[in-house]
Number of protein chains: 2
Amino acid sequence: MSSSPYGNDPADADSASACGPRFDPLYRQIYGLLTRQLQSGQWVPGQMIPTEQALARQYQVSAGTVRKAIDMLVADNILKRRQGRGTFVQTHREPRSQFRFLRLRDDQDKVPPFTSRILFCKRLRAPQDVARMLAIKPAEAVVQVRRVLDFEAIPTVLDDIWLPGSRFRGLSAEMLDAHDGPLYDLFETEFATRMLQGKERVTAILADTQTADILAMGLGQPLLSVERVSETYEGEPVELRRGRYRTDRHHYLSELR
Amino acid sequence: MSSSPYGNDPADADSASACGPRFDPLYRQIYGLLTRQLQSGQWVPGQMIPTEQALARQYQVSAGTVRKAIDMLVADNILKRRQGRGTFVQTHREPRSQFRFLRLRDDQDKVPPFTSRILFCKRLRAPQDVARMLAIKPAEAVVQVRRVLDFEAIPTVLDDIWLPGSRFRGLSAEMLDAHDGPLYDLFETEFATRMLQGKERVTAILADTQTADILAMGLGQPLLSVERVSETYEGEPVELRRGRYRTDRHHYLSELR
DNA sequence: GAGTGGTCTAGACCACCAC
DNA sequence: TGGTGGTCTAGACCACTCA
């Protein structure tokens, strides 16, 4: 967590050794308090949090200190400031951050319009590898969703999604079909689970029979394999995805900084 | 440029329309001044810039304002603060930011050790597509470098690199062979060209005869195609790379935020 | 101990938004 | 017009590095 342009980040220290707690600045403590309150659901996605002044009074610190804590949460894409209006809990529902994690792009590096089809949604005991990636016990309950994304009516992405059964009690194909918009919006709204960050491991593979069939392509054609682990607060993994991307019409865009 | 957790970023405005200049805060102006001085080579990579106090005096603003400008440059990976020592121009030479743009990882998501072999370095007139990506005129001079990266003696990456001939006058295979460490270090040191950010477009392809031969793999096996455009100050493109990555032992890592 | 960046404060004023 | 975040200031003190 907490990848911000602020000092004291242990991962950014010149000496690689993990030193002790050193010194915890006030604004970091406020950051922690706010994070915990967000995590507890005290403020829901889309809602306005108290003003900087109010928080400063509440925590008995100066406005500048609260501001710095909020800066970090904004850098984490957890909060969003709107000048003249207030500071709001970020949401995957909002147009500008819809499909924030989707890296597939067209020739102009834009997210192309697409539609989603749910192939199935079932509950099962977590296979070994899925359990490991989700940091749960093997054979614990998980929900598996398979879906296809069509870009201009061309099936392009085949996703298998695994979610911890305990968090996603009640998730069903009907619910998924009824919902439109990003999955992460549904997860926020119905399961109080916000995807905050993730990692994708990308490799090149050959289409197997089943995938080639679903994506209407030749056997042995190349595909991008995209394995995503998404995390919520405190880096807790709450989603595993295995995507197969056709990249004859699109590409995976990665920004280098 | 300028992707920072700070306000007034037009790209972050709720209304997508490009409004006028609005209001240019002082710290942005300082950011601009510092950027121009860095671009002009007034301070070279690795060198310390003047202290915040000194800059504040020089520009007739408060220390806090200079600090905020520097914060932005730090967020851009252009400067690096070291508490108790000073603020330094970031460099690709430093261990922590060596191979900053390389996304290939091993099973533990670490950058694996590797060695580089230059296959050739030649000058030619830019083909149409290369010229377009580098924003130069077709048939202008470019340098093309081909090299292989070996991971544990296994050829894994085949890179073709195109550089504008005007900037990279004097680049030769001998110079490349003599140099060890990141290419971007050489580019900084010998050609005053700092790679600040970039984009990679990743697709899955099948190995052709030549590539399969160089990477010691079967024809028709899947490969990652990684097309990188790197930019220096003001988003000026100064490098085009086409990489072919074997991903049977490694993967391409992408962080989602 | 001198010099650097890092934190924290208190307060003034500005730009923006909604009513 | 009132309230929000955004900017800017001046100054005190702390943590860290190095000689």
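Chain A is the first sequence line, chain B the second, and so forth, proteins listed ahead of strands; every chain is numbered from 1. Any value given below was found using the heavy atoms of this structure, including those in side chains, with hydrogens, waters and symmetry copies removed.
The backbone N or O of A:R100 lies less than 3.5 Å from no partner atom in the side chain of A:S97, so there is not a single donor-acceptor pair.
Considering B:E188, B:R194, B:K80 as possible partners of B:T91, the one that fulfils the side-chain hydrogen bond (donor to acceptor under 3.5 Å, both in side chains) test is B:E188.
B:F101 has its ring centre less than 6.0 Å from the ring centre of B:H92. In this structure, A:H250 has its ring center under 6.0 Å from that of A:F151.
In this structure, A:K68 reaches the C:dT7 phosphate: one of its side-chain N or O atoms is under 4.0 Å from OP1 or OP2. For D:dT4, the OP1/OP2 oxygens have no side-chain nitrogen or oxygen of A:T87 closer than 4.0 Å. In this model, the phosphate group of C:dA10 is not approached by any side-chain N or O of A:S62 to a distance below 4.0 Å at OP1 or OP2. Taking only side-chain nitrogens and oxygens, A:R85 comes nearer than 4.0 Å to OP1 or OP2 of C:dA18. One finds a side-chain N or O of B:T65 lying less than 4.0 angstrom from the OP1 or OP2 phosphate oxygen of D:dT9. Between B:R67 and C:dG6 there is a side-chain N or O to OP1 or OP2 distance below 4.0 Å. In this model, the phosphate group of D:dG6 is approached by a side-chain N or O of A:R81 to a distance below 4.0 Å at OP1 or OP2.
Computed from coordinates, the A:Y59 OH to C:dC8 C1' distance equals 18 Å when rounded to whole Å. If you take CG of B:L26 and C1' of D:dG6, they are 13 Å apart, rounded to a whole angstrom. We find that CG of A:D71 is positioned 12 Å from P of C:dT7, with the value rounded to whole Å. When the P atom of D:dG6 is taken as reference, atom CD1 of A:I70 falls 9 Å away, rounded to whole Å. Spacing between atom CG of A:L79 and atom C1' of D:dG5 amounts to 13 Å, rounded to whole angstrom units. Protein atom CZ of B:R82 is 12 Å distant from nucleotide atom P of C:dG6, rounded to whole Å. Distance, B:Q83 CD to C:dA2 C1': 15 Å, rounded to whole Å. Distance B:E52 CD to D:dG11 P: 17 Å, rounded to the nearest Å.
Here C:dT4 is the nucleotide among D:dA15, C:dC8, C:dT4 with the atom lying nearest to any side-chain atom of B:T51. With C:dA15, D:dT9, C:dC8 as the choices, the nucleotide that has an atom nearest any side-chain atom of A:Y27 turns out to be C:dC8. Nearest nucleotide to the side chain of A:F23, out of C:dT7, C:dT9, D:dT9: C:dT7.
For A:Q60 and A:G84, each mapped to the nucleotide of DNA chain C holding its nearest heavy atom, the one lying further toward the 5' end belongs to A:Q60.
By the 4.0 Å N-to-carboxylate-O rule, A:D76 lies too far from B:R257 to be salt-bridged with it.
Nucleotide C:dC19 forms a pair with no other nucleotide shown, judged by Watson-Crick or G-U wobble geometry with both contacts under 3.5 Å.
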